[in-house]
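Here is the structure we will look at.
Lettering of chains follows the sequences in order, A, B, ..., and the numbering in each one begins at 1.
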Amino acid sequence: MSLDLVIVGGGPAGLSAAAHANQLGLNWLLLEASPAHANTIQRYQKGKHVMAEPALVPLRSDLPFTAGTREAVLGSWEQGVTPFGARMRYSSEVVSIAGMKPAFTLTLSGGETVSAASVVLAIGLQGNPRKLGAPGEDAAFVQYTLDDPEEYRGETIVVVGAGDAAIENAIALSRNNTVIVVNRRDEFARAKEGNLAQISRAIEAGTIKCFFNSGVASIDHAGAVVLNTETGQTRVACNRLIARLGAIPPRSFVEACGIRFPSDDPTTLPELTGQYESNVPGLYVIGALGGYPLIKQAMNQGYEVAEFIAGREILPADHGILEQKFRSLPFRLGVDETLALIRERAPLFADVNGLVLRELVLASELLMPVQGDVIFRKNDYTNSFMTIVEGEVDVETDDGRQIRLSQGQFFGEMSLLSGRRRAATVRAAAPCVILESPRREIIRLMNSYEAVRRSIDEHFIVRTLRAGLTPDAPQEELRAIAATAEQLSFKPGDVLFNEGDDADGLHLIRSGSVSVSRRIGGRDIVTSYVAAGNYVGEMGLVGQARRSATVRATVATDSIFLKADVFMKMLERNLGLRERVQETVRERLSENLRMEAQPEAGDLISFLMQQGLGEATDVLLIDETLCIGCDNCEKACAETHGGTSRLDRAAGPSYAHVHVPTSCRHCEDPHCMKDCPPDAIRRAPNGEVYVQDSCIGCGNCERNCPYGVIQMASRKEEAPNLLLWMLTGRGPGPGERQPLADDREGKKAVKCDMCKDLSGGPACVRACPTGAALRISPSEFVKLSKRAG
Amino acid sequence: MHQSILAFRKHRYLWLALLVTALCVTAYWIDDPQEPANGGTVLGYTLGTLGALLILWLAWYGVRKRRYASTAGTVQGWLSAHVYLGAALPVIVLLHSGFQFGYNVHTLAFVLMSLVVASGLFGVYVYLKYPQRLSENRGGANRSALIDELEDVDERSKRIASKLPPEFQELVSSGIGRLQLGESMWQRLRGRDLSQVLLKRGNDYAVVANPGQEAALDWLADQQAKCREPATAAVIGELSALLRNKRRLLKPLAEDLRLQALLEVWLCAHIPLTAALLAALLVHILSVFVYW
């Protein structure tokens, strides 16, 4: 049988491709590794509401899809693909794809091969679970996932693995079962701290038995596993074996098929044409693997790819949206011509793949300010990236100068990289067309294209130096210095340099923040805190041979390192510049001396930094000498936000009577925003990081937040009238509202939005009767700490 | 940065309260009515109206505190004003009464008002005094961390007891089950540990008071001394070490509950007395108009 195409993967993209291939009369086959369609969605919790974002884009598929419960969505697809019968092959894992159009050979895990003219890869990003790699690994009682630990009771279950998934499964199962954990090493090194503490306690308590330094030798189909342990082989009888060994990311498989990626960064997407075709002719990539994680987009691509393979021309589904977007532009060109114009005028995008550029423009806004309009103001919290397609803008610097930028140049990269407020006000100097791109799209672009990253970084270095240390230095000299710059990354607590080291250069803090400390009387005393967009180590540039202080990263920090010799040569040539640098150095020295006189103040700053507040922009601190524990702050938060409090006052540590409750600190570079499929987490111009209604309840942000300040919550019952409640006591009091029993929408992420929609500011602070609650920014920590000192 | 309710906005409401008081006293001083000063003169009615309105406004604090979206000042500002103006209230009411008292509903209202103000002043005292002690007692941790640690100790005790004869298991499980710390407001205020434990004496079990785990520790020491197997004695020693750990944790926990209770208990008087005052005030005003 000669097939026109084989679709690998039975998720939304693959199913939609199959349905349309069938409609077009192609000879097709779909291969899905798992036993059912849409494996990722099957694994959602029961009754979960599936959203149909983006609302703007119309659905283009022969399968139905509307927002609804997981069951309704899966059911409608199942109904749609049932008539295809044997063309849908489940439990058929493809292990290799060889060849190119029109002769591909796909090999399945059982050894069977399939030939086809074209192949559509729609395998998503989840990857396949790593197998045991021992005889019997596919025995009936062996499983690689665990949906609901409550399903099993009274069984003996062996859990293999030492990561968070294995530990969480083992602990959940141990409530109703006998659990034995098999760990290849002598400790649980990869686990999160909370999980580590739990499993250690459980093993010590004997509620979970653990074989350390052990592995699976073989599996006996009768219901036992043979382990290689430190003391030799042991046979363990069990009802069930759950292996949680992580997933194999699909990238290596995709590369083995011959598909190229533009860089090694794990978030990079494969290079594709406008028709989703990879560099291997006839091999197409759609869905999440191609960079489109949303269900509707993936289904549209499935439809379109079937059209392309059938040799038909079809305008992409977003064509109408782009047409609409471009309508008011002064160019009066078609969609493709406008895209070509943007590429031609903006050198940054010269080498960017057409599909990627299209997606970028689709996600961007086109601004058309007239002369004198403000594009953004200094200290705004926006972090979008601006490209001038037409016109000119003026950047207003601190000392009142104006820097003119013209067509093709970009701005806004400072806030983009550092996550901090805007460093300057920018105004249109003529009627402009400006492409305003969201931060995440540009970050993705930088990760995929080295040239884009280099260009943006270079501008960042030059502009940071001009903004602070060397405002009068000639642009060309700075650019030469930028070219020699080295990019460094530090983990929290890493040392950038130690007191007494050779002073060999200057660090520009690109993102994150650092603390500066000196060793006085046998202990480290923190003397200052330096945020992104600033620099440390400048003393080395004015002739000091040794570092006078130790600089540590308080959070994950990127710095750009500039060598001293290059810099000093420039200072020698520019006398005024040298004086200016000396002035900056002098100011910093005297501030450090002031702090050294107050070691307690330094200790409080160190404590705040240990709480991760180095990356905060606005943090709730409670003065314990005033707090009466009435929890009115929590009640205020709950009652102004639909009944769920976003802060936990009592939780969290304290030092010197300053308490850091569990509450959002609105990070500079929010961890929660990193992986939000519908892009529902946004940063408002004043810095508030908030969740939009388009949240799909996936829980990624909750997991990504290192501070535990995001929760998944159902909607709550209505609050009774306050006066009526106070008089009669009927209904829930403030902060006591219960979740709705029949909440169709399911749980959604909730977090502090700093009461951005309330006039008057954060309700928690305004509701504190004793003035114990205070919201401040890290730049005020020094002021706060002086009180402690 | 942080500012107490008394110092709020450079003592703004202290000055306001002093001003109001001074005006009232001056008016009383100057006023020369034909009858002896009492609530029925023009000034008497004026001061009475002022006092009644002030009482209503002071009581409204309970509503404002819970109107979380309100932009009418901050709750801290309201409390600061509540404290200072509340303290000024007795002066206004005394002047209103012309210092006339009797066994009637009018004096009842005055007495209730005095009790409300007194309980409120006690509240101010505890609000200023105890939070710092509460913080120092916890030593940087928080109550739930202490409770978590306690539960951890309990779990470990159970495990170790399982290696020993049943009376030891009974000791541990009854000690956990019969831990009584801060069950009632009264108990919390007294900071008393009413815990009990089941101890085997001879062939019988006896319920024994176990404040601070002392009874359990004594019994364990006794058992350890009598034990002839070194291995078992070592296990008893381990259990004893855990219970000593528990004793160390219970102390700050009891103190935490005690201080927190002190911060709340005065409201048990302040709020019901306010309700009674409002009722008495209503009767006071109505009766004045009826018998006019």
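Interface summary for chain A: among B:W78, B:Y68, B:Y61, the most heavy-atom pairs under 4.5 angstrom belong to B:Y68. Heavy-atom pairs under 4.5 Å with chain B were tallied for A:P769, A:A773, A:A763; the largest tally goes to A:P769. Of the listed residues A:G760, A:A650, A:G733, the one with more heavy-atom pairs under 4.5 angstrom with chain B than any other is A:A650. Chain B forms the most heavy-atom pairs under 4.5 Å with one residue out of A:T640, A:L758, A:L626, and that residue is A:L626. Among B:R159, B:E155, B:Q132, B:R133, the residue with the largest count of heavy-atom pairs under 4.5 Å with chain A is B:R159.
Under the 4.0 Å criterion applied to side-chain N and carboxylate O atoms, B:K158 and B:D154 are not assigned as salt-bridge partners. Ion pairing between a basic and an acidic side chain is recognised when a charged N comes within 4.0 Å of a carboxylate O; A:R201 and A:E204 show no such pairing. A salt bridge links A:E639 with A:R737; the closest basic N to acidic carboxylate O contact falls under 4.0 Å.
Proximity to chain B is limited to the side chain of A:L722, based on heavy atoms less than 4.5 angstrom apart. Neither the backbone nor the side chain of B:S144 comes within less than 4.5 Å of any heavy atom of chain A. Contacts between A:A205 and chain B at a heavy-atom distance below 4.5 Å involve backbone atoms as well as side-chain atoms. For A:A772, the part lying under 4.5 angstrom from a heavy atom of chain B is the backbone only. Within the 4.5 angstrom heavy-atom criterion, only backbone atoms of A:I622 (N, CA, C, O) approach chain B. Proximity to chain A (any heavy atom under 4.5 Å) is shown, for B:I5, by both the backbone and the side chain. Heavy atoms of B:S70 lying under 4.5 Å from chain A belong exclusively to its backbone.
Using cut-offs of 30° and 60° for the angle between ring planes, the B:Y130 and B:Y125 rings count as perpendicular. By the 30° and 60° cut-offs, the orientation of the rings of B:W57 relative to B:H82 is tilted.
Atoms CD and OH, on A:Q610 and A:Y655 in that order, are 9.5 Å from each other to the nearest 0.5 Å. Atoms OH and CZ, from B:Y84 and B:R12 in turn, are 13.0 Å apart once rounded to the nearest 0.5 Å.
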*Carefully, step by step, assess A:H657 and B:S135 under the rule side-chain hydrogen bond (donor to acceptor under 3.5 Å, both in side chains).*
CA-CA 6 Å; A:H657 304 306; B:S135 165; 2.7 Å; yes
